J.: 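Supplied in structure tokens, the structure appears directly below.
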Amino acid sequence: LDSYIAAVYEHSVILPDVTGSPVSSDEALTLMNKNMDVLEGAIKAAAQQGAHIIVTPEDAIYGWVFKRDTIFPYLEDIPDPQVNWIPCTDPERFAPAAVQERLSCMARNNSIYVVANIGDKKPCNSSDPKCPSDGHYQYNTNVVFDSEGKLVARYHKYNLFMSETQFDSPKEPEIVTFNTSFGKFGIFTCFDILFHDPAVTLVSKSHVDTVLFPTAWMNVLPHLTAIEFHSAWAMGMHVNFLAADTHNTSMAMTGSGIYAPDGPRAFHYNMDTENGHLLVAELSSHPHLSPTYPAAVNWSAYATSVKRFSPDDWDFCGVIFYDKFTFTELTKPEGNRTVCQKDLCCHLSYRMAEKREDEVYVLGAFDGLHVVEGEYYLQICTLLKCESTDLKTCGLPVATAHTRFEAFSLSGTFGTSYVFPEVLLSGVQLASGEFQVLSDGRLISQSGTSKPVLTVTLFGRWYEKDPPQPHI
Ligand SMILES: O=C(O)CCCC[C@@H]1SC[C@@H]2NC(=O)N[C@@H]21
């Protein structure tokens with residue numbers, strides 16, 4: 001197949017009551033069945049619209065309100081897919097496996113690949129020095145059932161987010177892929193997207209066409225909103241990317257999408273209701289063969305070839321999500337500006353429709369190690385709207401704007417080749433097809449965007465500079 005139809009479902013998880021002690025496995029299954037009832041409706045609707053594959057979110061079947069012992073009744077022993085198992089037709093083979101059986105039947109009965117996130121448990125004993133004292137490993141796990149209900153992939157999340165003390169990390173990152181008639185797929189989970197392994201390796205070594213990405217993503221403006229960062233990763237890595245987020249507005253969890261290398265095909269962001277939402281869109285099976293496939297990018301080519309645009313600009317300091325940026329204010333309606341920090345210089349050429357008195361924009365640079373909620377090295381060039389006209393508010397989250405840019409071009413002297421291009425518009429919306437990346441590393445818009453701009457950002461990850469990660 002040259003193309004296929006993808007679906008992602010943003011699910012509003014029915015959470016269990018928070019209990020001090022573990023519930024019975026029957027109670028756990030009752031709660032999980034309530035969530036699977038909702039997922040089943042989405043799977044049927046997706047299949048009716050011709051979808052070949054549907055991705056459901058991380059933690060969508062039991063939530064995230066657990067400690068190590070209270071999640072235990074929700075876990076199943078998930079076998080290696082090499083055993084060739086269709087839980088729907090052979091449920092006793094690796095029983096008890098009620099959740100795997102039901103997911104497998106949903107895939108089989110609707111002839112659709114189903115991607116889900118559940119918990120795996122693996123017994124261990126004292127002969128293994130790393131074996132936890134309760135006698136088993138517990139993994140945050142993605143499973144994939146093919147359209148006949150066969151288990152074809154199992155992935156254990158490697159980069160656990162800080163609060164996930166209920167789970168263990170596998171000893172090594174797992175590179176999990178599978179082939180279909182509509183391309184080669186790879187899979188990872190949520191916080192994994194910030195790190196080199198297994199995420200980057202799946203693309204650069206395994207050459208997957210599409211990444212499957214269950215997530216429970218807490219949005220952080222201005223640079224780490226789900227739709228913004230995930231679509232940017234798809235563009236920067238030149239892959240299709242299917243992101244299914246859980247929906248919980250009190251946790252700022254919303255933002256799912258179907259992203260192609262040249263831009264989003266569909267996305268969803270909704271902080272107004274607690275409803276779930278199904279997205280369905282067509283993608284090319286082998287995006288690197290498609291005529292719109294972007295050329296390879298040298299991210300520093302343009303920026304290193306030009307001189308500092310504005311040598312006498314006044315710089316000031318500001319903080320974005322705990323990182324100390326160097327900023328310079330865009331005081332004129334149009335112009336060329338440069339701001340530098342350490343080895344990173346960021347150049348911006350821009351033209352606003354009008355310079356409003358009630359809104360302030362800055363150009364910012366950050367070259368350093370981010371150290372809060374995980375340690376990862378960043379190089380960031382960003383144009384962004386300040387929260388108010390007080391320059392002290394530059395970098396704080398802001399979700400609406402009124403200033404339109406008729407054109408912009410942003411570039412930076414990056415030391416890394418992993419740069420993710422973000423454009424986020426007023427109301428936390430994506431700028432589908434309204435900007436492009438040139439092969440010399442400029443992120444440009446020639447005719448401006450359909451809505452006012454919150455931020456235009458080149459988000460660089462310099463993996464070689466990361467400290468050792470705490471994979472406990
Ligand atoms: O549970 C996960 O693995 C996903 C967490 C992703 C959170 C993103 S990444 C860093 C940033 N910090 C947050 O609180 N939200 C974002």
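Below, all heavy atoms of this structure are taken into account, side chains as well, without hydrogens, waters or symmetry copies. Start at 1 and go down the list; that is how both ligands and their atoms are numbered. Since we're looking at a predicted model, the values are computed, not measured.
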J.: May I ask you to decide if the ring planes of Tyr139 and Tyr137 are parallel, tilted or perpendicular, using 30° and 60° as cut-offs?
T.: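 Ring orientation, 0 to 90° scale: parallel.
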J.: Under 4.0 Å from a heavy atom of Phe191: give me the atoms of ligand 1 that qualify, with their elements.
T.: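 Per the distance check, 2 (C), 3 (O), 4 (C), 9 (S).
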J.: Which heavy atom of the protein is the closest neighbour of atom 15 (N) of ligand 1, given with residue, atom name and distance?
T.: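 Ranked first by proximity to atom 15 (N) of ligand 1 is Met218 O, 2.8 Å.
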J.: Which of the atoms in ligand 1, numbered in the order shown and given with their element, are less than 4.0 Å from a heavy-atom of Val220?
T.: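 Every atom of ligand 1 under 4.0 Å from some heavy atom of Val220: 13 (C), 14 (O), 15 (N), 16 (C).
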J.: Under 4.0 Å, heavy atoms only, figure out whether ligand 1 is touched by the backbone of Leu194, its side chain, both or neither.
T.: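 The answer is the side chain of Leu194.
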J.: May I ask you to list the atoms of ligand 1 that are less than 4.0 angstrom from any heavy atom of Cys190?
T.: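 Within the 4.0 Å cut-off of Cys190, ligand 1 contributes 1 (O), 2 (C), 3 (O), 4 (C), 5 (C), 6 (C).
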J.: Flag Leu224 as yes when one of its N or O atoms lies below 3.5 Å from any N or O atom of ligand 1, and as no otherwise.
T.: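 N/O-N/O distance below 3.5 Å does not exist for this pair.
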J.: Can you tell me if Asp343 has over 12 outside heavy atoms packed within less than 6.0 Å of its CG?
T.: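 No, the 6.0 Å shell around CG holds no more than 12 heavy atoms from other groups.
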J.: Checking Thr70 side chain against Phe66 main chain: does a donor-acceptor pair fall under 3.5 Å?
T.: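 Pair absent, no side-chain N/O of Thr70 close to backbone of Phe66.
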J.: Atom 3 (O) of ligand 1: which of Met251, Glu373, Lys157, Glu164 has the nearest heavy atom?
T.: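 Shortest heavy-atom distance from atom 3 (O) of ligand 1: Lys157.
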J.: State whether Asp128 and Lys122 are salt-bridged, where the test is any N-O pair (Lys NZ or Arg NE/NH1/NH2 against Asp/Glu carboxylate O) under 4.0 Å.
T.: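 Lys122 and Asp128: not salt-bridged.
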J.: Hey, is Tyr376 one of the residues with a heavy atom under 4.0 angstrom from ligand 1?
T.: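 So Tyr376 counts as touching ligand 1.
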J.: Check the orientation of Trp217 and Phe229. Use parallel for under 30°, tilted for 30 to 60°, and perpendicular for over 60°.
T.: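 Parallel: the ring planes of Trp217 and Phe229 meet at under 30°.
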J.: Strictly under 2.5 Å separating the two SG atoms? Check that for Cys340 and Cys346, please.
T.: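 Unbridged: Cys340 and Cys346.
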J.: For Phe229, which part has a heavy atom under 4.0 Å from ligand 1: side chain, backbone, both, or neither?
T.: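 For Phe229, no heavy atom sits under 4.0 Å from ligand 1.
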